[in-house]
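Shown next, in structure tokens, is the structure this report addresses.
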Amino acid sequence: MPIPTGLTERLGVAHPIIQAPMAGGGDSPALVAAVSEAGGIGVFGAAYLAPPQITEAAKSIREKTPRPFGLNLFSPLPAPVPPRAFAPAIARLAPYYTELGLPPPAAPAPPTYSFDDQLAAVLDSGAAMFSFTFAPVPSEVVAAARARGMLVAGTATTVEEALAIEKLGVDAVVAQGSEAGGHRGSFAQPFEASMIGTMALVPQIVDAVRVPVIASGGIMDGRGIAAAFALGASAVQMGTAFLTCEEAGVSDAYKEKILTSREHETRITRAFSGRPARGIVNRVMIEVGDEVPGFPLQNALTRPMRTAAGKAGRTEYLSLWAGQGLRLARRQKAGELVARLVAEVRVTIDRIGG
Ligand SMILES: Cc1cc2nc3c(=O)[nH]c(=O)nc-3n(C[C@H](O)[C@H](O)[C@H](O)COP(=O)(O)O)c2cc1C
């Protein structure tokens, strides 16, 4: 039985369950399509992809399902201040490259495409939803996506950010609580001042904005979804819960790490990308620390290490993005997870009502 909200009606989906975009290989066209097929909406993280790759991913999703799906980008950011020389950052990472049998890391080359190029591919993709994180996008971007019939959502980690995102003319705000796995979407304040738990953040944003709110961060099962609805959310966006699904793009070693880690074993780090993100603590996170070049420079410096480690199943070198709800992660197919979540929401609501 569907769980209708204003957002599900607008998107034409049965359930207000959004599979979070997980750029960098956490998601996959197969995962996105499976979630959409099951009546939720899968969102593909396209932030690290060149425009032709975005087109290809959208085509691959469309081949697997006729249902609505979404695409997500990182908002354009001011160019990071380059470290005067990359030498110290390279020297810090070099031993890991040696251990993995890789040539030493090299200073990153400038990108060959812009946000506008990526956006053009998104606008032509046939996606039903476009979401963004890291900062407000220009309001023309929102207008362009809405003109294509897309539902547009932007990420906020405080009420102040939610108001700034709403001002752009979006259809919904994603309220990202501090429990969330992956990068923080914070932009108005330093991230340390914006670590508001989902339970506190969602109702305060719901009270402040007029558009629907999508709750995100630490939501892993039907109890979490029912709680988000109780706080006034119109949908949930779940990342970690979908990362251990069969169709997710990460290695088996990464999935196993999520399934065997506990709630106190994640931390916010800059070590892998230069931007604060929550992941499972491992050797590289501890040893490299937070004094690194800014995003996306450090991200580019660590990419070959992360790619090789992913292939070799060596989790000590991987950015193991995950939220605090780890113990609730389950290994299953994404369609089974969506069906289970819907059933759990009903049981939870009945239990409270009864
Ligand atoms: C592996 C991973 C990658 C992520 N990549 C993105 C991304 O590309 N874009 C985005 O808006 N959010 C991204 N997020 C954050 C999610 O949108 C969401 O806020 C988070 O997953 C919610 O917390 P949870 O993991 O506890 O469910 C990512 C999260 C994870 C775990």
Side-chain angles (χ1 to χ4, degrees), residues 20-29 31-32 42-63 69-83 86 89-90 105-155 165 168 170 174 182-185 187 249-250 270 272-275 277 292-308 310 319 321:
M22 292 184 279
D27 54 24
S28 67
L31 179 67
V32 170
V43 182
F44 187 77
Y48 297 125
L49 300 186
Q53 295 173 303
I54 296 176
T55 305
E56 188 52 42
K59 194 167 147 253
S60 172
I61 296 164
R62 186 46 84 227
E63 280 165 7
F69 68 92
L71 291 176
N72 170 272
L73 292 176
F74 294 161
S75 310
L77 296 170
V81 183
F86 277 105
I90 288 176
T112 53
Y113 53 83
S114 67
F115 173 84
D116 287 346
D117 299 333
Q118 291 181 308
L119 179 70
V122 167
L123 293 178
D124 285 341
S125 66
M129 178 173 179
F130 167 61
S131 64
F132 58 89
T133 187
F134 287 6
V137 291
S139 54
E140 306 84 71
V141 169
V142 175
R146 294 193 79 229
R148 299 287 180 116
M150 295 180 185
L151 183 136
V152 181
T155 303
I165 295 290
L168 305 172
V170 297
V174 178
H183 285 106
R184 304 295 305 147
F187 57 87
V250 298
R270 285 191 172 88
F272 291 100
S273 73
R275 189 179 168 94
V292 296
F295 183 90
L297 299 174
Q298 180 73 356
N299 198 58
L301 282 179
T302 64
R303 180 173 291 129
M305 171 183 79
R306 291 181 286 113
T307 304
S319 47
W321 304 147

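Not measured: the values here are computed from a predicted model.
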Measure from the side-chain N and O atoms of Gln118 to the backbone N and O of Ala47, and report whether any donor-acceptor pair falls under 3.5 Å.
yes
Considering all heavy atoms of both residues, which atom of Ala127 and which atom of Met150 are nearest to each other, and what is their separation?
O-CG, 3.3 Å
Which atom of Val292 lies closest to which atom of Gly274, heavy atoms considered
CG2-CA, 3.9 Å
Can you tell me how far apart OG (Ser125) and CZ (Arg148) are? Round to the nearest 0.5 Å.
9.0 Å
Run the side chain to side chain contact (heavy atoms under 4.5 Å, CB included) test against Thr155 and tell me which residues pass, sequence neighbours left out.
Thr133, Val174, Gln176
Does some side-chain heavy atom of Phe132 sit less than 4.5 Å from a side-chain heavy atom of Leu168?
yes
Using modelled atom types and a 3.5 Å cut-off, is there a donor and acceptor pairing between side-chain atoms of Arg62 and backbone atoms of Phe69?
no
Quick one: do Val250 and Met22 satisfy side chain to side chain contact (heavy atoms under 4.5 Å, CB included)? Show the steps, please.
CA-CA 10 Å; Val250 298; Met22 292 184 279; over 6 Å; no
Nearest heavy-atom neighbours spanning Pro293 and Leu301
CG-CD1, 4.2 Å
Does the plane of the ring in Phe74 sit parallel, tilted or perpendicular to the ring in Phe134? Use 30° and 60° as the thresholds.
parallel
Just how far is it from atom NE2 of His183 to atom CZ of Arg270, taken to the nearest 0.5 Å?
10.5 Å
Give the intermediate values and the outcome of side chain to side chain contact (heavy atoms under 4.5 Å, CB included) for residues Val141 and Phe115.
CA-CA 10 Å; Val141 169; Phe115 173 84; 4.0 Å; yes
Between Leu73 and the options Ile54, Leu49, Val137, the side chain to side chain contact (heavy atoms under 4.5 Å, CB included) test singles out Ile54
As an exercise, state the distance from CD1 of Ile165 to CZ of Phe187, rounded to the nearest 0.5 Å.
4.0 Å
What is the distance from atom CZ of Phe130 to atom CG of Asn72, rounded to the nearest 0.5 Å?
7.0 Å
Any side-chain heavy atom of Pro304 sitting closer than 4.5 Å to one from Pro105?
no
Where do Ala145 and Leu123 come nearest, in terms of heavy atoms and distance?
CA-CD2, 3.6 Å
Which pair of heavy atoms, one from Val43 and one from Ser131, lies closest together, and at what distance?
CG1-OG, 4.1 Å
Please round to the nearest 0.5 Å and tell me the distance separating atom CZ of Phe44 and atom CE of Met129.
15.5 Å
So which heavy atom on Arg184 is nearest to which on Arg275, and how close?
O-NH2, 3.1 Å
Between OG of Ser28 and CD1 of Ile61, what distance do you get to the nearest 0.5 Å?
8.5 Å
Look only at the side chain of Asp27 and the backbone of Pro21, and say whether a donor-acceptor pair between them is shorter than 3.5 Å.
no
